[in-house]
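Below: one structure, written as structure tokens.
A note on names: the letters A, B, ... follow the listed sequences, proteins ahead of strands, and every chain is numbered from 1.
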Number of protein chains: 2
Amino acid sequence: MNVTINDIARATGLSTATISKYINHKKIREENRILIEKAIQELGYTPNRNAQLLRAKNTHTIGILISDLGNYFWGELVNSIIKHFTDHGYTVIVCSFFFEHQKEIDTIQDIISQHFDGVIMLPSCWHDDLYQLLQNAGIPIVMLDQIPASMRHFPVDCVISDNYRGGALLAEHLLEKGHTKVWIMEQYLDSYTIEQRIQGFVDVYQKNGIDLLKQQDSFPPVSFASTAETIIQSNLHFQKLIDSSDPPTAVFFDCYLSAMGGLSAASQARISVPQDISFVCFDDDPLFKTMSATMTCVSQDLTSMGKHAVELLLKRIHGDYTDFPKIDMLDVVFHPRCSVKDLSEHNSTASGKD
Amino acid sequence: MNVTINDIARATGLSTATISKYINHKKIREENRILIEKAIQELGYTPNRNAQLLRAKNTHTIGILISDLGNYFWGELVNSIIKHFTDHGYTVIVCSFFFEHQKEIDTIQDIISQHFDGVIMLPSCWHDDLYQLLQNAGIPIVMLDQIPASMRHFPVDCVISDNYRGGALLAEHLLEKGHTKVWIMEQYLDSYTIEQRIQGFVDVYQKNGIDLLKQQDSFPPVSFASTAETIIQSNLHFQKLIDSSDPPTAVFFDCYLSAMGGLSAASQARISVPQDISFVCFDDDPLFKTMSATMTCVSQDLTSMGKHAVELLLKRIHGDYTDFPKIDMLDVVFHPRCSVKDLSEHNSTASGKD
DNA sequence: CTGAAAGCGCTTACAG
DNA sequence: CTGAAAGCGCTTACAG
């Protein structure tokens with residue numbers, strides 16, 4: 001009923017072996033190539049992927065292991081990964097585990113038993129070391145957005161934005177504008193990534209003789225749950241900050257979600273940005289350009305991150321481990337917009353830096 | 001090297017046929033079931049999916065055909081579809097074609113040649129009739145978010161929000177608040193969905209003796225391109241509206257994207273919502289709660305939409321076509337918030353409705 | 001470069 | 001309910 005490689009063999013008078021060679025881009029005689037292409041055209045043949053996968057060692061299938069696609073950023077990232085792998089003839093399967101640890105383990109077992117060629121992981125936290133299961137099974141993997149805590153003992157390839165630099169850029173901007181009292185609105189995420197952003201931010205202030213960590217003391221970080229809950233919690237947290245007797249002149253949001261919480265809280269409290277308080281955020285979003293005070297922020301290039309991850313994983317799949325383990329760090333971009341008030345002319349404590 | 005069904009047959013002294021029956025939940029003797037389960041445990045066997053797929057008719061694979069995952073809403077929707085299909089033991093493959101018509105056709109050919117069990121389509125426009133290719137190949141499909149123009153001649157199952165009702169709810173609210181001069185900010189999308197929203201909105205005004213279409217005359221709809229470009233174009237469009245000699249008191253955004261454009265334009269033009277102008281939007285978004293004037297809007301339940309689509313497709317896959325073609329229409333929810341100014345006390349032209 | 005033949009791991013009539 | 005055997009559509013040494 002369906003057109004198979006046998007039909008093409010029959011139609012051309014060649015053997016299935018030759019047809020197979022053609023399909024797999026191996027050398028065959030020019031006149032045979034023409035014959036085969038004609039037959040494929042006429043009969044409308046497409047290789048049965050399942051048969052190919054069963055027979056061949058590699059499955060040409062890649063898994064994206066991700067907690068939950070419903071996150072804002074991951075759409076663009078996953079999109080980019082799918083696009084680039086598809087261009088290389090791979091099938092991509094998005095494997096979500098919805099933050100359930102057991103389900104993540106099951107999913108990984110599944111991937112192993114199905115002999116995926118490779119996996120791209122978006123770890124949900126710094127201490128997620130499940131990637132080792134994949135490595136032990138001999139499946140190449142690339143981690144995105146996080147350098148796992150177990151990296152030292154179990155090296156792994158990572159593609160990540162320069163989070164430290166991003167935090168530093170934001171701090172420098174705030175200092176230039178004369179902001180010396182800053183609150184860091186931090187989501188507790190067990191995240192190397194977030195830590196680096198904050199470290200970059202804090203270090204710049206430190207170098208200018210200002211200890212932000214001390215200012216931060218009385219305000220514990222927000223604890224993580226679902227996306228929606230994170231916003232609500234960030235919101236509550238932010239209101240406490242505002243109601244304090246000695247509020248800051250600026251807030252640094254460590255990620256998109258904490259910014260949503262802060263924005264929401266400021267809106268409810270009728271606090272104006274940047275008149276009453278200044279905001280900067282790590283991560284950009286279309287919404288940041290639609291607010292009355294467009295948000296000064298640092299953006300990651302998610303499309304590029306996806307591309308880099310695909311290229312690195314492909315390299316490993318092809319057996320090239322010359323630069324393993326590789327930390328591929330991507331530049332971030334600073335976007336000065338309107339959410340920061342310039343205090344430098346009114347305030348003698350402004351940083352001496354230009 | 002790998003554990004196969006033969007190993008289990010050998011270990012238990014049974015035939016592969018019996019193991020296969022166990023795997024496929026067919027009736028086997030109780031004592032054999034115990035034997036098999038023990039052997040599977042001990043040897044760590046998992047069926048080779050590719051072999052199953054090659055041999056069996058159904059591949060237990062579902063495709064989600066979508067233009068581009070990088071859209072805000074689709075993350076949640078795709079997430080929900082993946083979750084529910086995975087729970088039913090299916091593998092889900094996200095097939096993106098990035099708005100390229102030829103690529104969409106190629107992808108569909110791929111799906112057919114790989115014998116997917118079913119497909120969920122998110123058509124990029126009303127006149128996308130490529131679903132017929134799938135139907136002709138005997139692959140069940142469910143359309144989301146759109147009822148295709150060719151529906152009459154080529155019926156197909158659809159799951160869709162009650163867009164007409166959503167538009168009507170927004171119009172009723174605006175009328176209650178005394179808004180009689182309204183601009184509809186419409187993205188040109190070749191979309192039944194969008195048309196229904198606007199129709200619902202316009203009809204309510206019509207019933208109250210107000211012809212919005214006439215007001216709208218001089219302002220052509222925005223034409224569609226990429227997400228980013230849509231925002232920019234909506235933005236320009238909106239500025240024209242504002243600069244007109246006889247501006248409206250309220251704007252109805254037909255979707256999230258046009259709202260982004262309008263919000264951005266209002267921000268740049270230093271126009272305050274709802275003091276200077278009122279906004280309502282079809283579609284909700286977390287950002288709408290973070291603005292200084294939280295957005296009054298109507299929301300769709302995307303998670304539920306995904307679930308309904310999965311259930312309907314599963315029914316078709318199992319051969320139950322008793323209610324074909326089915327239009328499964330989902331309720332929308334109205335969220336009154338702060339972006340609409342109450343004109344009814346100052347304005348004698350307010351609607352008589354309560 | 002080409003072809004004959006074995007086999008990937010499973011399922012499915014068929015006979016018992 | 002169970003087993004022997006064929007076969008799904010392809011790829012891969014191997015010999016020519």
Sugar-phosphate only, base, or nothing, as touched by B:Y45 at under 4.0 Å among non-hydrogen atoms: sugar-phosphate
Separation of D:dT11 C1' from A:L53 CG (nearest whole Å): 12 Å
Between D:dC1 (C1') and B:Y22 (OH): distance, integer Å: 17 Å
Donor-acceptor contact present, side-chain A:E76 to main-chain A:G306, <3.5 Å: no
Under 3.5 Å: donor-acceptor pair, side chain of A:D323, backbone of A:K326: no
Pairwise 5' ranking along DNA chain C for A:A17 and B:K26, keeping only the more 5' one: A:A17
N/O (side chain, B:Q52) to phosphate O (OP1/OP2, C:dT11) under 4.0 Å: yes
Touch class at under 4.0 angstrom, heavy-atom based, for B:N24 against every strand present: sugar-phosphate
Contact under 4.0 Å: A:S15 side-chain N or O vs C:dG3 OP1/OP2: yes
Steps toward salt bridge (charged side-chain N to carboxylate O under 4.0 Å, His left out) verdict (A:E311, A:K315): CA-CA 6 Å; A:E311 281 164 6; A:K315 192 173 180 183; over 6 Å; no
Length of the CG-C1' vector between A:L43 and D:dG9, whole Å: 15 Å
Closest-nucleotide 5' rank along DNA chain D - winner of A:K21 and B:T18: B:T18
Upstream residue (5' side of DNA chain D) when A:I5 and B:T16 are each assigned their closest nucleotide: B:T16
Shortest side-chain distance from A:S20, nucleotide among D:dT11, C:dC1, C:dA4: D:dT11
Presence of donor-acceptor pair under 3.5 Å, side chain of B:R55 and base of D:dG7: yes
Spacing of A:I28 atom CD1 relative to C:dG3 atom P, expressed in whole Å: 10 Å
Gap between atoms CD1 and P, on A:I8 and D:dT11 respectively (whole Å): 13 Å
Carboxylate-amine/guanidinium contact A:R10 A:D7, below 4.0 Å: yes
A:I23 CD1 - D:dT12 P separation (whole Å): 12 Å
Residue closer to the 5' end of DNA chain C, B:P47 versus A:K27 (nearest nucleotide): A:K27
A:D117 bridged to A:R316 by N-O distance under 4.0 Å: no
Atom pair distance, as rounded to whole Å: CG in B:D7 and C1' in C:dC8: 13 Å
Sugar-phosphate, base or nothing in reach of B:I19, heavy atoms under 4.0 Å: nothing
Rounded interatomic separation in angstrom, taking NE2 from A:H25 and P from C:dC1: 16 Å
For D:dA15, the Watson-Crick or wobble counterpart (both distances under 3.5 Å): C:dT2
